[in-house]
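Worksheet for the structure shown next.
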Amino acid sequence: MFDITDRSLSLEPLVSAVTRSSSGAVASFLGVVREQTRGRQVLYLEYEAYREMAIPKMREIADEIRRKWKVDEIAMVHRIGHLEIGEASVAIAVSAPHRHQALAACAYAIDRLKETVPIWKKEVWTDGEEWVGPAACDGGVAGSEFRVSS
Amino acid sequence: MFDITDRSLSLEPLVSAVTRSSSGAVASFLGVVREQTRGRQVLYLEYEAYREMAIPKMREIADEIRRKWKVDEIAMVHRIGHLEIGEASVAIAVSAPHRHQALAACAYAIDRLKETVPIWKKEVWTDGEEWVGPAACDGGVAGSEFRVSS
Amino acid sequence: MKVRVRCFAAAREIVGSGELVVDLPEGSTLTQLFDQVQGQFPRLQGLAGSLLFSVNREYAPSDKRLSADDEVALIPPVSGGADV
Amino acid sequence: MKVRVRCFAAAREIVGSGELVVDLPEGSTLTQLFDQVQGQFPRLQGLAGSLLFSVNREYAPSDKRLSADDEVALIPPVSGGADV
């Protein structure tokens, strides 16, 4: 299950989708809109996705995970649109026969999602707004060869 | 939220219980009864707890987590009684402002729970049964000074 | 003195009950308590190598001296290890 | 040749639209495309230092040569980093 949705997120459908009879563990992650970000008061967030690229990029992350760990299934859903404080922006669930694989793969999934999946959030604060997107400046996507040389 | 219950587990109540306005991430873990364990076919499991000790031990793990990571809240619920394949035996959720803390604390919580919380499962297979309990033989509880010298 | 002994998992099945009350001399240790219980239930010997004790819901070393009204528990060993 | 250019986040706001169609000489590179778009929307200069491109939904280096009907996207930079 890999999706971009404008509806509110819940873990249960992802957990159900990934649990197999071989699964002994399901690790999951929920990203939540928090009140404070880098010291500023958040009013709300607006998420935007390049959907046709974002979903294949999620599948690529799942392929990376399968090459690194023995997992059963992987699900990732990202929400877009207007999100209030306390609402979930991203949900990930990974099942595996053993817990260490599930936990490591889940941590990897959210790190990679933030690096490579083209989804942006506009943080709207009491005193301004700013777009935040894939972690290109960390060299996370693929290094500097993909930058515009200006 | 720290509990032992004979009812079926679901992550949502734990996730709701731990999410604060300061939380940017909720990491969670579900232990699930799987079909195969060490090569044998599982029919079902029976879980048993020393409840009056298990819940304080869960709280101790939460205290350890708070000394190690900046987290918001921690919830752990273990199920007891008869469990079928695919049912969840343990649910953990940890919220934190940042994802790495939530994920690391959640992984730590399940490792420590299996080491120190007095809960046992009897695995009933097609060809026998066996009790499995806290990971005493790994030196996980507190080392060899707590063993019976026989 | 009387000490309450709670038994779980394999220990409970051997003892046939979740709880025993053991009468011991004042100042007895956990080892002495276990010897006495094992005298009554010899099959506990099979668990002894990795059995843990708690006293009043805290893990305790086997040389710990007991008091009247302590709640001891026999915490049976792992047989297979944490597998999930 | 005509190339479709999709614009997101800060780039979309500067361009005022989620999509442009750009007419370029055959064999142009992403850099040449960006120069042309930036000529039309000079405020894109502010993003240029860390803007990424994709071509047909894969990240692509700026010297990549384009073909007719390619779908290019301007992938704006992180301003603050992944904070959660």
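What you see below is based on every heavy atom in this structure, not just the backbone, and it leaves out hydrogens, waters and symmetry mates. Quick caveat: nothing in here was measured; it's all calculated off a predicted structure.
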Task: Between A:G86, A:A27, A:S23, the one whose heavy-atom pairs under 4.5 Å with chain B are most numerous - done: A:S23
TODO: Would you check if the side chain of A:E12 reaches a backbone N or O of B:L11 as a donor-acceptor pair within less than 3.5 Å?
DONE: yes
Open item on the list: I'd like to check B:L103 versus A:L103 (side-chain heavy atoms, cut-off strictly below 4.5 Å). Are they in contact?
Closed with: no
Task: Segment of B:S28 engaging chain A (4.5 angstrom heavy-atom cut-off) - done: both
Open item on the list: Heavy-atom cut-off 4.5 Å, strictly under: side chain, backbone, both or neither for B:I85 against chain A?
Closed with: side chain
TODO: Could you walk me through whether A:S21 and B:R34 pass the side chain to side chain contact (heavy atoms under 4.5 Å, CB included) test, one step at a time?
DONE: CA-CA 5 Å; A:S21 65; B:R34 72 172 194 274; over 6 Å; no
TODO: Measure the spacing between CG of B:L113 and CZ of A:R99 and express it to the nearest 0.5 Å.
DONE: 9.0 Å
TODO: Heavy-atom distances under 4.5 Å only: say whether B:V33 touches chain A with side chain, backbone, both or neither.
DONE: backbone
Open item on the list: Before you tell me yes or no, could you show the steps for B:S22 and A:E35 under side-chain hydrogen bond (donor to acceptor under 3.5 Å, both in side chains), namely the whole-Å CA-CA distance, both residues' side-chain angles and the distance that decides it to 0.1 Å?
Closed with: CA-CA 6 Å; B:S22 52; A:E35 199 167 37; over 6 Å; no
- [ ] Report the distance from atom NE2 of A:H100 to atom CD1 of B:I110, rounding to the nearest 0.5 Å.
- [x] 9.0 Å
Task: Worked check of side chain to side chain contact (heavy atoms under 4.5 Å, CB included) between B:F29 and A:V26 - done: CA-CA 6 Å; B:F29 179 83; A:V26 181; over 6 Å; no
